[in-house]
A.B. asks: 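Got a structure for you, written out below as structure tokens; questions coming shortly.
Not measured: the values here are computed from a predicted model. Below, read A as the first sequence line, B as the second, and so on, with proteins coming before strands; counting in each chain starts at 1.
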Protein chains: 2
Amino acid sequence: MMYYTVGEMAKRLGVAPSTLRYYDQEGLLPFVERSEGGIRVFKESDYEWLGVIGCLKKTGMQLRDIKTFIEMAMQGDQTIEPRLALIIKQKESVKAQIAELEETLRTLEFKEWYYNTAKENGTTSVPRNMTLDELPEEFREVRLRLRGN
Amino acid sequence: MMYYTVGEMAKRLGVAPSTLRYYDQEGLLPFVERSEGGIRVFKESDYEWLGVIGCLKKTGMQLRDIKTFIEMAMQGDQTIEPRLALIIKQKESVKAQIAELEETLRTLEFKEWYYNTAKENGTTSVPRNMTLDELPEEFREVRLRLRGN
DNA sequence: ATACACCTTAAAGTCAACTTGAAGTCAAGA
DNA sequence: TCTTGACTTCAAGTTGACTTTAAGGTGTAT
């Protein structure tokens, strides 16, 4: 079995040791054990827990809610259903975030076209004053949205 | 021409009036004019600026950088190129964010399968102790990543 | 046994982006 | 004219997630 100190595990995860200590303090790492002298001893299986925490963090979940999930997991098999429900909820949240970023991407692509056209003409007034049917079809709805229609 | 107070514009945008005042204070709204008595007067065209600010915010850009963009825009046509460069940079950033969220989504889908399997069997030890070739092909790389391989 | 790197805790500090509160001003309707 | 609701500024407070600092303990290598 391989064991790690907080510094080693932090390095492996690419985070600061203080971050792991902070997570522990906040109750997110109840699974981490201690040596005789009080030093944290991370096991190989703890890496997986930290990976799950990292995954949930990437979904935008707050530490207090991640803590709830970890606490459920510590209860054992009786909490399988609420854990499943939470995962499904986060999955839907991530899908919504992707959809929103894709809309943002379309807006940026419009702006890219806008400034490219401005650059070619030496002035933003050319793309700005174009009529709807003069601009590429894929950007029409974007401009309508930006202008409040 | 239609004009709006800070409260009306905030409502239209779905933000708090204090947010718009804060943005103004931070120099993000140099285009907003004032009445004789010192009250902010938002024009129709300001809605579009606020939409651009909102778009950049959704990319994760900080207010100080959005301010830089707005300041460039206020300089006029001589800043078309740096504005285009900034838009392209944000576009790439958003693409990377989408890719990361998609990876997170795959992890959540693995976890959904994991807890569904646990639920069917009454214990997480069933999915946990499965060998790699027992689990659905699409989840193999996810589990390898979570376990640190 | 001593040095040294790395560990410990507790408390305070930081940062971005707001939000709230206090005290006062503006403008539209009765 | 007066009331009323929304506006103004400035300063201080809030939130979440860390990071830093200080004072001290651990553990391994020589």
A.B. asks: Is there side-chain contact between A/Met72 and A/Leu86, with heavy atoms separated by less than 4.5 Å?
C.D. replies: yes
A.B. asks: Nearest-Å distance, CD (B/Gln25) to C1' (D/dT9)?
C.D. replies: 9 Å
A.B. asks: May I ask you to check whether B/Tyr47 and B/Arg12 show a side-chain donor-acceptor distance below 3.5 Å?
C.D. replies: no
A.B. asks: So, is A/Arg64 near the phosphate of D/dG16, with a side-chain N or O under 4.0 Å from OP1 or OP2?
C.D. replies: yes
A.B. asks: If we count only N and O atoms by modelled type, under 3.5 Å, do the side chains of B/Gln97 and B/Ser93 hold a donor and an acceptor together?
C.D. replies: yes
A.B. asks: Among D/dT8, D/dC18, C/dA17, which nucleotide has an atom closest to any side-chain atom of B/Gln62?
C.D. replies: C/dA17
A.B. asks: Looking at DNA chain C, which of residues 32-40 of chain A put a heavy atom within less than 4.0 Å of it?
C.D. replies: A/Arg34, A/Gly38, A/Ile39, A/Arg40
A.B. asks: Return the value, rounded to whole Å, for the distance between atom CG of B/Leu63 and atom P of C/dC15.
C.D. replies: 16 Å
A.B. asks: Would you call the rings of A/Phe69 and B/Tyr115 parallel, tilted or perpendicular if under 30° counts as parallel and over 60° as perpendicular?
C.D. replies: perpendicular
A.B. asks: Could you check how far CZ of B/Arg21 sits from C1' of C/dT19, rounded to whole Å?
C.D. replies: 11 Å
A.B. asks: Check this one for me: any side-chain N or O of A/Lys57 less than 4.0 Å away from OP1 or OP2 of D/dG16?
C.D. replies: no
A.B. asks: In Å and rounded to the nearest 0.5 Å, what is the NZ to NZ distance from A/Lys95 to A/Lys91?
C.D. replies: 4.5 Å
A.B. asks: So do B/Leu63 and B/Lys57 actually touch side chain to side chain, heavy atoms under 4.5 Å?
C.D. replies: yes
A.B. asks: Would you say a side-chain N or O of B/Tyr23 is under 4.0 Å from OP1 or OP2 of C/dA17?
C.D. replies: no
A.B. asks: Rounding to a whole Å, what distance do you find between A/Leu29:CG and D/dC18:P?
C.D. replies: 12 Å
A.B. asks: Are OP1 or OP2 of D/dT19 and a side-chain N or O of A/Thr19 less than 4.0 angstrom apart?
C.D. replies: yes
A.B. asks: Going by heavy atoms in the side chains, are A/Arg40 and A/Thr5 under 4.5 Å from each other?
C.D. replies: no
A.B. asks: For a quick test of reading the model: is some side-chain N or O of B/Thr5 closer than 4.0 Å to OP1 or OP2 of D/dA6?
C.D. replies: no
A.B. asks: Please tell me which of A/Met61 and B/Gly7 maps to the more 5' nucleotide of DNA chain D, matching each residue to the nucleotide holding its nearest heavy atom.
C.D. replies: B/Gly7
A.B. asks: Taking CG from B/Leu28 and C1' from C/dA17, how many angstroms apart are they, rounded to a whole number?
C.D. replies: 11 Å
A.B. asks: What is the separation between atom OH on A/Tyr22 and atom P on C/dA12, rounded to the nearest whole Å?
C.D. replies: 16 Å
A.B. asks: Tell me the interatomic distance from B/Ile53, atom CD1, to C/dC18, atom C1', rounded to whole angstroms.
C.D. replies: 15 Å
